[in-house]
Amino acid sequence: VGSSLAMRRVLALAKQVAPSKATVLINGESGTGKEMFSKNLHAWSDRAKGPFIAINCAALPEHLLESELFGHEKGSFTGALQQKKGVFELAHNGTLFLDEIADVPMQMQIKLLRVLQNKKFNRVGGNEPIFSDFRLIVATNKDLWKEVTRGNFREDLYYRISMVTILIPPLRERKKDFPLLVQHIHSWYCTKYNKEIGRINKTDYQKLYEYDWKGNIRELCSVLEKYVVLGEIEFHKEGTER
């Protein structure tokens, strides 16, 4: 949603790269909608009929992340009671979205690089190489090149995944889009909670417009959902208890 110059540029680049097989790095602050954007890239591609598989790399410890990515064979470790397919295998003929790519441990980065080079991998505890024709999209809210210079991210992997980089602007830089975004999100929550879709009064709208939205679209959704349910505009102020 939006017609600002920043978003028009982003959408034009996205539609240009979507039909290709190029790996895409989506960069943007937390809450800007990177996963939703990746779903659009998938929908605009020739893989739209295939699976869209998403995983947050920061949500799992390293020993579980390896199993989630590559899968495992029955009995390969304690608790592996049956064979499991990993997300690389599940994304065959579709799109794999790896969120928070900057938080992948260094040892796992080496394994990722190997998979991206030939699209072959082994399940944990397995000996047979598995081929998967996946299209990769990754995302982070960090400056990935800074992570490279700090020694936290492999330079060769950076070049592999940043073939095309899309920067999603924060909400504070999309003021022209703000009326459409508020209308769209407000209407969505009104429908969800079976409320009458009326207009937000000028005083409440002004509060929304002037707020700096450090949590971006995610924070806007949270505030508008509460507004629809309780009729209150309430922001979380830093340095105060909730």
Side-chain angles (χ1 to χ4, degrees), residues 1-45 47-48 52 54 56-58 95-103 135-149 153 158-189 199-200 202 204-225 227 233 235-238:
V1 176
S3 59
S4 63
L5 179 60
M7 284 307 295
R8 289 205 307 270
R9 287 173 174 169
V10 167
L11 289 169
L13 176 58
K15 289 181 179 179
Q16 184 179 0
V17 74
S20 74
K21 295 182 179 180
T23 299
V24 178
L25 167 62
I26 302 176
N27 199 223
E29 294 179 6
S30 179
T32 50
K34 296 184 288 296
E35 182 171 349
M36 182 170 287
F37 206 89
S38 70
K39 289 179 180 178
N40 279 312
L41 285 173
H42 172 71
W44 295 334
S45 74
R47 295 170 179 261
F52 175 87
N56 187 318
C57 297
T95 300
L96 174 60
F97 175 63
L98 299 181
D99 200 5
E100 307 296 352
I101 189 69
D103 294 307
R135 197 270 181 87
L136 183 67
I137 301 175
V138 300
T140 179
N141 58 14
K142 297 180 180 178
D143 185 327
L144 205 53
W145 180 248
K146 282 187 178 179
E147 295 301 306
V148 171
T149 60
F153 200 84
Y158 170 80
Y159 292 131
R160 177 69 65 173
I161 65 175
S162 62
M163 187 181 304
V164 178
T165 301
I166 296 177
L167 177 61
I168 302 181
L171 187 53
R172 62 182 174 276
E173 296 178 9
R174 299 178 56 192
K175 287 297 185 180
K176 185 176 180 181
D177 298 332
F178 198 75
L180 281 174
L181 283 166
V182 170
Q183 180 184 1
H184 176 76
I185 297 168
H186 178 250
S187 297
W188 193 90
Y189 282 120
R199 294 178 63 88
I200 298 175
K202 290 184 178 180
D204 287 338
Y205 178 80
Q206 196 65 26
K207 290 179 182 178
L208 295 170
Y209 188 83
E210 292 174 354
Y211 187 62
D212 61 0
W213 299 108
K214 291 183 178 180
N216 293 293
I217 303 294
R218 185 182 293 120
E219 186 181 9
L220 177 61
C221 287
S222 176
V223 170
L224 285 176
E225 182 173 16
Y227 180 76
I233 295 290
F235 307 114
H236 170 60
K237 297 180 180 179
E238 291 185 12

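Quick note: numbers below take in every heavy atom, side chains included, and nothing from hydrogens, waters or symmetry partners. For reference, positions follow the sequence shown, starting with 1.
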Looking only at heavy atoms, which two atoms of Lys34 and Gly31 are closest? And how far apart? NZ-N, 4.5 Å
How long is the straight-line distance from NZ of Lys176 back to OG of Ser3, given to the nearest 0.5 Å? 4.5 Å
Who pairs with Tyr189 by side chain to side chain donor-acceptor pair (under 3.5 Å), at least two apart in sequence or on another chain? none
Of all residues at least two apart in sequence or in a different chain, which pass the side chain to side chain donor-acceptor pair (under 3.5 Å) check with Glu35? none
Go through the structure and list residues passing ring pair (Phe, Tyr, Trp, His ring centres under 6.0 Å) with Tyr159, not counting sequence neighbours. none
Nearest 0.5 Å please: distance from the NE2 atom of His186 over to the OH atom of Tyr205. 12.5 Å
Of all the heavy-atom pairs spanning Thr32 and Pro170, show the shortest one and how long it is. CG2-CA, 4.0 Å
So, using salt bridge (Lys or Arg N to Asp or Glu O under 4.0 Å) as the criterion, who are the partners of Glu225 when residues are at least two apart? Lys192
Stepwise, does the side chain to side chain contact (heavy atoms under 4.5 Å, CB included) test hold for Lys39 with Phe97? CA-CA 9 Å; Lys39 289 179 180 178; Phe97 175 63; over 6 Å; no
Side chain to side chain donor-acceptor pair (under 3.5 Å) against Glu29, all qualifying residues, sequence neighbours excluded: Arg172, Asn216
Give the minimum heavy-atom separation between Ala58 and Glu100, together with the two atoms involved. CB-CB, 3.8 Å
Which heavy atom of Glu219 sits nearest a heavy atom of Tyr211, and at what distance? OE2-OH, 2.8 Å
Report yes or no: do Arg135 and Ser45 form a side-chain donor-acceptor pair below 3.5 Å? no
List in chain and number order the residues that pass salt bridge (Lys or Arg N to Asp or Glu O under 4.0 Å) with Glu147, two or more places apart in sequence or in another chain; answer none if no residue qualifies. Arg150
Heavy-atom distance under 4.5 Å between the side chains of Met163 and Val24, does that happen here? no
I'd like to check Leu171 versus Ile217 (side-chain heavy atoms, cut-off strictly below 4.5 Å). Are they in contact? yes
Does some side-chain heavy atom of Phe153 sit less than 4.5 Å from a side-chain heavy atom of Ile101? yes
Can you confirm whether Tyr209 sits close enough to Val182 that some side-chain heavy atom of one is under 4.5 Å from a side-chain heavy atom of the other? no
Run the side-chain donor-acceptor check on residues 13-20: report pairs under 3.5 Å with partners two or more places apart or on a different chain.
{"unit_1": "Ser20", "atom_1": "OG", "unit_2": "Val17", "atom_2": "O", "d": "2.7"}
{"unit_1": "Ser20", "atom_1": "OG", "unit_2": "Ala22", "atom_2": "N", "d": "3.3"}

Would you check if Phe37 and Val10 make a side-chain contact, meaning some heavy-atom pair closer than 4.5 Å? yes
Grab the two heavy atoms, one from Pro169 and one from Arg174, that are nearest each other, plus how far apart they are. O-CD, 3.8 Å
Closest non-hydrogen atom pair between Thr23 and Arg160, with its separation: CB-O, 4.0 Å
Option from Leu98, Ile26, Leu96 for which side-chain contact (heavy atoms from CB on, under 4.5 Å) with Ser38 holds: Ile26
In this structure, CD1 of Ile166 is separated from CG of Leu41 (nearest 0.5 Å) by 5.0 Å
Return the set of residues passing salt bridge (Lys or Arg N to Asp or Glu O under 4.0 Å) with Arg47 (not counting sequence neighbours), or none when no residue passes. Asp133
If you measure from NE2 on His184 to SG on Cys221, what distance do you get to the nearest 0.5 Å? 8.5 Å
Taking only residues two or more places apart in sequence or in another chain, which ones pass salt bridge (Lys or Arg N to Asp or Glu O under 4.0 Å) with Asp99? none
Verify the neighbour count for atom NZ of Lys175: are there more than 12 heavy atoms of other residues, nucleotides or ligands below 6.0 Å? yes
Separation of Met36 CE from Ile168 CD1 (nearest 0.5 Å): 10.5 Å
Sequence neighbours left out, what passes ring pair (Phe, Tyr, Trp, His ring centres under 6.0 Å) with Phe52? Give chain and number order. His42
Validation row: Ile200, Leu208 side chains within 4.5 angstrom (heavy atoms): yes
Are Leu180 and Gln183 packed together at the side-chain level, in the sense that at least one heavy-atom pair is separated by less than 4.5 angstrom? yes
Could you list the donor-acceptor pairs under 3.5 angstrom formed by side chains in residues 136-144, with sequence neighbours left out?
{"unit_1": "Thr140", "atom_1": "OG1", "unit_2": "Lys142", "atom_2": "N", "d": "3.0"}
{"unit_1": "Lys142", "atom_1": "NZ", "unit_2": "Asp103", "atom_2": "OD1", "d": "2.9"}
{"unit_1": "Asp143", "atom_1": "OD1", "unit_2": "Trp145", "atom_2": "N", "d": "3.2"}
{"unit_1": "Asp143", "atom_1": "OD1", "unit_2": "Lys146", "atom_2": "N", "d": "3.2"}

Side chain to side chain donor-acceptor pair (under 3.5 Å) filter on Arg9, not counting sequence neighbours, yields none
